[in-house]
Amino acid sequence: MMKRPRATTRRQLPGSPFNVPSVAPTIETFALDDRVTHDKYGLGRVIGVEDEVAVLVDFGQRTERITSPYHKLYKL
């Protein structure tokens, strides 16, 4: 009779190149009056900051609240 394969994780050796430590991505910080660009809304200016939760950005025609992490929002 054949044994069923076990669903266990393999132990990796300490010097293995596959032991890549997971690095948390750094969250961009924004301040009032920062000029920013967004992939969907375009150019804007930060008019409000909620401590690492969200930023309020004025894009001219509209004002948007962008929540963290800010994937499509970049500081200029």
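Just so you know, these numbers use all the heavy atoms, side chains as well, and skip hydrogens, waters and symmetry mates.
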Exercise for the section: Start with the C-alpha distance between Glu64 and Lys40, add both sets of side-chain angles, then the distance that settles salt bridge (charged side-chain N to carboxylate O under 4.0 Å, His left out), and finish with yes or no. Expected result: CA-CA 11 Å; Glu64 291 290 327; Lys40 182 177 179 182; over 6 Å; no

Practice task
Classify the ring geometry between Phe59 and His38 as parallel (under 30°), tilted (30 to 60°) or perpendicular (over 60°).
Solution key: perpendicular

Exercise for the section: Could you grab the distance from atom OH of Tyr41 to atom CD1 of Ile66, nearest 0.5 Å is fine? Expected result: 5.5 Å

Handout entry: Gap between atom OG1 of Thr37 and atom NZ of Lys72 - 0.5 Å precision
Key = 12.5 Å

Handout entry: Nearest-0.5 Å distance, CG of residue Leu73 to OG1 of residue Thr67
Key = 10.5 Å

Exercise for the section: Take Phe30 and Val57, measure what side-chain contact (heavy atoms from CB on, under 4.5 Å) needs, and give me the verdict at the end. Expected result: CA-CA 10 Å; Phe30 296 97; Val57 182; over 6 Å; no

Handout entry: Taking every non-hydrogen atom, the tightest pair across Arg65 and Val53
Key = NH2-CG1, 4.1 Å

Practice task
State whether the number of non-hydrogen atoms from other residues, nucleotides or ligands found under 6.0 Å of Glu52 atom CD is greater than 12.
Solution key: no

Practice task
Please round to the nearest 0.5 Å and tell me the distance separating atom OG1 of Thr29 and atom CG of Asp51.
Solution key: 11.0 Å

Problem - Candidate pair Leu43 and Leu76, rule side-chain contact (heavy atoms from CB on, under 4.5 Å), full reasoning - result: CA-CA 9 Å; Leu43 295 174; Leu76 296 178; 3.6 Å; yes

Problem - Nearest non-hydrogen partners of Arg45 and Val36, listed with the distance - result: N-CG2, 4.4 Å

Practice task
Evaluate side-chain contact (heavy atoms from CB on, under 4.5 Å) for Val46 paired with Asp33, printing each intermediate quantity in order.
Solution key: CA-CA 5 Å; Val46 176; Asp33 292 329; over 6 Å; no

Practice task
For Glu28 and Tyr70, work out which heavy atoms get closest and say how close.
Solution key: O-CE1, 3.3 Å

Exercise for the section: Calculate, to the nearest 0.5 Å, the distance between atoms CG and OG1 belonging to Leu56 and Thr63 respectively. Expected result: 6.0 Å

